[in-house]
Amino acid sequence: DTKYSQIDFLFDNSLCYAIIRVQVFGGHVMKDVIVRIRGIEIANIKNVRHGKIEHLGNVTEPIDEMKSNLLGIYGQNGSGKTAVIEVLEFLKRLMSGESLPAEIRDYLTKGSNEAECKFSFWVKHREDSFECDYQFKIQHFEKHTTIGSEKLSYKKCTSRQKKVNLEYHIDNEEFVFTPQYRFHEFVQNDQSRRIDVAVAKKLSMKESRSFFFSDEMIKLAETSEIP
């Protein structure tokens, strides 16, 4: 757990997204962690202008007693089954710090230059349970298609208010991510760290990767001097 103490800081003491990355998609396995995808919402992926799947599992069961009861996806031809599987692949790639497929432009609905995906999770870490959201937008620019924005939010299951923890926009030049106080805390008034964050942004743009889940940002979080 010591290895993840600084990632814990980056995600506002929830550990949720660091946990999702290492627990679901590989890496060091943390004990006492359960992660479940609870909902998927997509827009402008192939033939799906807007689609939503909710409550993947029995919502009446405690998170630590749930059984894996999603066996498959059923629907008519053209109803979006393949699109759901493909965005799950996008999610895996982004949270693993990998690039989106080279042909990602072809996944956008005809006539659209952007697509949006939102995933809802339930995470249990030790005695705490969280409802978490990860949302990203795929945008096509003149010669390149990449991640145009990302948003991370969570709340404890015992709380009513969901908090937007971190938000990234490709066109935000002054603050690579917001809220601003989080950015200032993260760079620690250190010009070299500010440069490293800017480099992480440029690499994620160029390579069509997640900014938040990039290896560069994870390493910066691990080397943070904030207690």
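Between the side chains of T146 and Q139, no donor N or O sits under 3.5 Å from an acceptor N or O. Counting only N and O atoms by type, the side chains of Q135 and E116 include a donor and acceptor under 3.5 Å apart. H144 and E142 share no donor-acceptor pair across their side chains, judged by distance under 3.5 Å alone.
Checked by atom type and distance alone, the side chain of S208 pairs as donor or acceptor with a backbone atom of T145 at under 3.5 Å. Side chain of K201 to backbone of I170: a donor-acceptor contact under 3.5 angstrom is found. Side chain of R193 to main chain of F186: a donor-acceptor pair is present (N/O by atom type, distance under 3.5 Å, no hydrogens or angles). Here the side chain of T178 pairs no donor or acceptor atom with the backbone of Q180 at under 3.5 angstrom.
The structure places OH of Y154 at 9.0 Å from SG of C132, a figure rounded to the nearest 0.5 Å. Interatomic distance, S120 OG to I53 CD1, rounded to the nearest 0.5 Å: 12.0 Å. Expressed to the nearest 0.5 Å, how far NZ of K137 lies from SG of C117 amounts to 11.5 Å.
Under the 4.5 Å side-chain heavy-atom criterion for grouping Ile, Leu, Val, Met, Phe, Trp and Tyr, L88 is connected to I42 within one hydrophobic cluster. Under the 4.5 Å side-chain contact rule for hydrophobic residues, M217 and V199 do not share a cluster.
Among residues two or more places apart in sequence or in another chain, the side-chain contact (heavy atoms from CB on, under 4.5 Å) test is passed with Q191 by R194, I195. Residues meeting the ring-ring contact (aromatic ring centres under 6.0 Å, His included) test with F175, sequence neighbours left out: F183, H184.
No side-chain heavy atom of F136 sits under 4.5 Å from any side-chain heavy atom of L100. A heavy-atom distance below 4.5 Å is not found between the side chains of P179 and E167. Counting heavy atoms from C-beta on, the side chains of F121 and D133 never come closer than 4.5 Å. Using a 4.5 Å heavy-atom threshold, the side chains of F119 and V87 count as touching. Considering only heavy atoms from C-beta on, Y107 comes within 4.5 Å of F90 through its side chain. Contact of the H140 side chain with the L108 side chain is registered, since non-hydrogen atoms from C-beta on lie closer than 4.5 Å. Between K151 and L166, the closest side-chain pair of non-hydrogen atoms is not below 4.5 Å.
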Begin with the C-alpha distance, continue with both residues' side-chain angles, and end with the deciding distance and a verdict on side chain to side chain contact (heavy atoms under 4.5 Å, CB included) for K155 and F130. CA-CA 6 Å; K155 75 176 184 71; F130 303 89; over 6 Å; no
The test is salt bridge (charged side-chain N to carboxylate O under 4.0 Å, His left out); show your working for E89 and K92 and say whether it passes. CA-CA 5 Å; E89 172 65 18; K92 177 181 178 180; 5.2 Å; no
Let's go through V187 and V176 carefully: what are the C-alpha distance in whole Å and the side-chain angles of both, what is the deciding distance for side chain to side chain contact (heavy atoms under 4.5 Å, CB included) to 0.1 Å, and is it a yes or a no? CA-CA 11 Å; V187 298; V176 178; over 6 Å; no
Determine, step by step, whether L91 and I37 satisfy the side chain to side chain contact (heavy atoms under 4.5 Å, CB included) criterion, reporting the C-alpha distance in whole Å, the side-chain angles of both residues, the deciding distance to 0.1 Å, and the verdict. CA-CA 11 Å; L91 176 70; I37 296 177; 4.1 Å; yes
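Not less than 6.0 angstrom separates the ring centroid of Y168 from the ring centroid of F177. Taking the six-membered ring for Trp and the full ring otherwise, the centers of Y134 and F213 sit less than 6.0 Å from each other.
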Taking only distance into account, with no hydrogens and no angle test, what donor-acceptor pairs under 3.5 Å do side-chain atoms of residues 44-51 form with protein atoms, sequence neighbours excluded?
{"from": "N44", "atom 1": "OD1", "to": "R49", "atom 2": "NH1", "distance (Å)": "3.4"}
{"from": "N44", "atom 1": "ND2", "to": "S112", "atom 2": "OG", "distance (Å)": "3.4"}
{"from": "N44", "atom 1": "ND2", "to": "E114", "atom 2": "O", "distance (Å)": "3.4"}
{"from": "K46", "atom 1": "NZ", "to": "E86", "atom 2": "OE2", "distance (Å)": "3.0"}
{"from": "N47", "atom 1": "ND2", "to": "G78", "atom 2": "O", "distance (Å)": "2.6"}
{"from": "H50", "atom 1": "NE2", "to": "E41", "atom 2": "OE2", "distance (Å)": "2.8"}

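In plain terms, the two heavy atoms of I218 and F212 that are nearest each other are CD1-O, 4.2 Å. Nearest heavy atom pair, residue I147 against residue R209, reads CG1-O, 3.7 Å.
For K81, the NZ atom is densely surrounded, since the number of other residues' heavy atoms within 6.0 Å is greater than 12. Heavy-atom contacts from other residues, nucleotides or ligands closer than 6.0 Å to CD of E103 number more than 12.
Screening E98, R93, E150 against S210 for a side-chain hydrogen bond (donor to acceptor under 3.5 Å, both in side chains) leaves a single residue, E150.
Between E54 and K52, at least one side-chain N (NZ, or NE/NH1/NH2) sits under 4.0 Å from a carboxylate O, which counts as a salt bridge.
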